[in-house]
Amino acid sequence: MIQRNGGELAQTQRSADLLLTSLKSSSRIKRHLKNRQVPIADIRWLKDCVKEKELLPLDKYSIPVDDVSSRSTHDTSSTDSQGGSGDDKQSHANKGNDINKQSHTSKDSSNENKRDSDNYYLPKSSDILTKEFANAEPDVLSYEDTDSSNDESNSNDDGDSDDIDPNYNNTRYECLRPTPLRSKHNGKLVAYLRLLEKARELETNDKSALAYRHAISAIKAYPRKIQSEDEAGKIKGIGSKIKELTRIYLETGKVPEAEALLSDEEFRTLDLFNKCFGVGPATGKAWWDMGYRTLQQVLDHGTLSNTVRLGIQLLPDFIIPMKRSDVEELIDIVETQAASVNDQLLVTPVGGYRRGKQQSGDLDIVISSKQEIDMSDILLSMIDRLKSQGYIKHVLWKSRIGPSTKQDRLHKQRAADTDDNEDQVISKSFRRSGFDELPKAFTCFMQPSTGISRQVDLIIASFEEYPTAVLGWTGSRQFERSIRDYAKKEKNIKLSSHQMITRSMPERRISVTNEKDIFDALDIPFISPQNRNC
DNA sequence: AGGCAATACTG
DNA sequence: CAGTAT
DNA sequence: GCCT
């Protein structure tokens, strides 16, 4: 039945990516289990799929076996950029599902063909796709309170509650001071401001959103509990509007303007849409305006590019946070595969993981080399290898610029097809051949131990580019913005993830061999990755 | 009043 | 060029 | 929305 309908029957449990069974008790299932990495579902799923002629979500059929819930215990919504709205409360999708008998099957894990089989890698199921906010319970404001019984310790004496803490570096450049993962003393206020930031972003009020971001970073870095509106008003990044919000917060313990968003249907819907790869504020708003209220509706009725369709279909998995051990499992895979491509490769995990986040939404990896070697083709080699080993299931996005060689080929090809406007083509290829950016790919991995799809971004950097690439990809986003801003405004230096150059006319490249060199060249104190959570 | 990081791909 | 991604 |  599987093969007749375009599926493949795996030879072994290990190579399957879905197990179907009709066994009833989870203990019996466990005795037969050799592969805990993949979802287990009732065999009726298969029959129903055939009946409906489509791949149905697994959730109503999936059978929970794992008792060591792969979810983490407390989930305090992620720190940066990611939604401050602590949406889902532990979706324990699986309720009474126990059926009988067994049989296992399904897709082979290696091979990747572009036909329908792609679909078999897709949905894990979940209620996210059908989630609708019309009459839903409001979200609960989730925030990171590191300190319940605050004050004490420092706050030493003088706490003239209207003056800012003297230990605080009150600057407009976030990169000049340490910013921890979470606010130690003002977590709830930060959570409210995040909501407002998000709302501005979804309205495409970029500049306003940025202003909230500055304020949020400032407060996260602020070393004690803010006790008065005047104290808040003295912090750079907080102006009249946010000072007022702070006043309200201090008086009532709430920020109504933000609180309202927790139960606002449009906001919550746009926020959800926006979580899909390839879907930004404009697309989300367009969907809303067309009357779509769930992602499933969009899937069913919208006309979508392949990338966006994938983005939606992968969301149920991508939305599940990775614990550090999950991330490490993927790092191991990349390291192993890199070593077999070239033993000089150096694999460095960056992104939120490097900044110490306990939960990550994706994994960013810089692939460089221990010595100067030719890095052209490394990206493609890695992708090929990871695909053939069955780890990469999709490439969501891939840059095509790569160190010279094949790039030239591309451009020559192009120039050949369009002799129309020679000059344009030439100047274009000229700019590009200078390797403006790092070759990179955003991919979807299948995490072996859980069977969950994970977003993994691979970035290739040459030996020389390594330091700036690591700095640039470690983030946070706000840290990068501020350090580049500082470099430009204060030092007249142009900083990007692939180089650091003086802007004064004879542009000269500043050579650096590690991150510390970059801070030194800018003459600013080194900030450890754990303190770049602006 | 001007500026807010910096770049690349897609359609 | 507008939109999206990092 | 905030700083210069």
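The model shown is predicted, which means the values in this text are computed figures rather than measured ones. Just so it is clear: chains get the letters A, B, ... in the order the sequence lines come, proteins before strands, and each one is counted from 1.
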Given B:dA5, is OP1 or OP2 found less than 4.0 Å from the side-chain N or O atoms of A:Ser482?
-> no

Take the protein atom OH of A:Tyr486 and the nucleotide atom P of B:dC4, then report the distance between them rounded to whole Å.
-> 17 Å

Here the distance between atom C1' of B:dC9 and atom CH2 of A:Trp397, to the nearest Å, is 5 Å

Report which part of the nucleic acid A:Asp206 touches: base, sugar-phosphate, or nothing (heavy-atom distance under 4.0 Å, all strands).
-> nothing

Toward the 5' end of DNA chain B, by each residue's nearest nucleotide, A:Lys398 or A:Leu210 = A:Leu210

Send over the distance from A:Asn274 CG to C:dG3 P, rounded to a whole Å.
-> 14 Å

Could you give all pairs that pass the salt bridge (Lys or Arg N to Asp or Glu O under 4.0 Å) test and reach residues 516-531 of chain A, with sequence neighbours left out?
-> A:Lys516-A:Asp520

C:dA5 to B:dA5 separation - C1' atoms, rounded to the nearest Å = 14 Å

Mind checking what makes side-chain contact (heavy atoms from CB on, under 4.5 Å) contact with A:Ser263, not counting sequence neighbours?
-> A:Pro138

Find the distance A:Leu310:CG to B:dT10:P and express it as a whole number of Å.
-> 14 Å

Please check if the side chain of A:Lys220 supplies one atom and the backbone of A:Asn533 the other of a donor-acceptor pair under 3.5 Å.
-> yes

Would you say C:dT6 has OP1 or OP2 under 4.0 Å from some side-chain N or O of A:Gln455?
-> yes

For DNA chain B, what residues of residues 517-525 of chain A have any heavy atom nearer than 4.0 Å?
-> none

Among all residues two or more places apart in sequence or in another chain, which pass the side-chain hydrogen bond (donor to acceptor under 3.5 Å, both in side chains) test with A:Arg484?
-> none

If you check every side-chain atom of A:Asp485, which of B:dC4, C:dT6, B:dG11 has the closest atom?
-> B:dC4

Ionic contact status for A:Arg454 with A:Glu329, cut-off 4.0 Å | no

Mind checking the P distance from D:dC2 to B:dT7? Whole angstroms is fine.
-> 28 Å

Pair up each side-chain donor or acceptor in residues 203-211 of chain A with any protein partner under 3.5 Å, not counting sequence neighbours, and list the distances.
residue, atom, partner, partner atom, Å
A:Glu203, OE1, A:Asn205, ND2, 2.8

Which residues share a side-chain hydrogen bond (donor to acceptor under 3.5 Å, both in side chains) with A:Gln530, sequence neighbours left out | A:Ser528

Go through the structure and list residues passing side-chain hydrogen bond (donor to acceptor under 3.5 Å, both in side chains) with A:Ser381, not counting sequence neighbours.
-> none

Got a list of protein N/O to nucleotides 2-4 of chain D N/O distances below 3.5 Å?
residue, atom, partner, partner atom, Å
D:dC2, OP1, A:Gly239, N, 3.1
D:dC2, OP1, A:Ile242, N, 2.9
D:dC2, OP2, A:Lys241, N, 3.2
D:dC3, OP1, A:Gly237, N, 2.8

Select from A:His214 and A:Thr307 the residue whose nearest nucleotide in DNA chain B is closer to the 5' end of that strand.
-> A:His214

Using atom types as modelled and distance alone, determine if a side-chain donor or acceptor of A:Ser368 lies under 3.5 Å from a backbone N or O of A:Ala461.
-> yes

Sequence neighbours excluded - ring-ring contact (aromatic ring centres under 6.0 Å, His included) pairs with any residue from residues 509-534 of chain A | A:Phe519-A:Phe526

Rounded to whole Å, NZ of A:Lys207 lies from C1' of B:dA1 at a distance of 14 Å

Can you check the A:Phe479 CZ to B:dC4 C1' distance for me, whole Å?
-> 18 Å

Within the side chain of A:Arg355, is there an N or O that forms a donor-acceptor pair under 3.5 Å with the backbone of A:Asn531?
-> no

Taken in chain and number order and not counting sequence neighbours, the residues that satisfy salt bridge (charged side-chain N to carboxylate O under 4.0 Å, His left out) with A:Lys131 are none

Can you tell me how far C1' of B:dA6 sits from CD of A:Gln478, to the nearest Å?
-> 13 Å

List in numerical order all residues of residues 488-495 of chain A for which some heavy atom is under 4.0 Å away from an atom belonging to DNA chain B.
-> A:Lys488, A:Lys489

Nearest listed nucleotide, side chain of A:Ser399, among B:dC9, B:dA5, B:dT7 | B:dC9

Which is true for A:Asp457 with a 4.0 Å heavy-atom rule: it touches a base, it touches only sugar-phosphate, or it touches nothing?
-> sugar-phosphate

C:dT6 C1' sits how many Å from A:Leu363 CG, rounded?
-> 14 Å

Could you check whether A:Cys276 gets within reach of a base, just the sugar-phosphate, or nothing at all, counting any heavy atom under 4.0 Å?
-> sugar-phosphate

Residues in side-chain hydrogen bond (donor to acceptor under 3.5 Å, both in side chains) contact with A:Glu244, at least two apart in sequence or another chain | A:Arg247

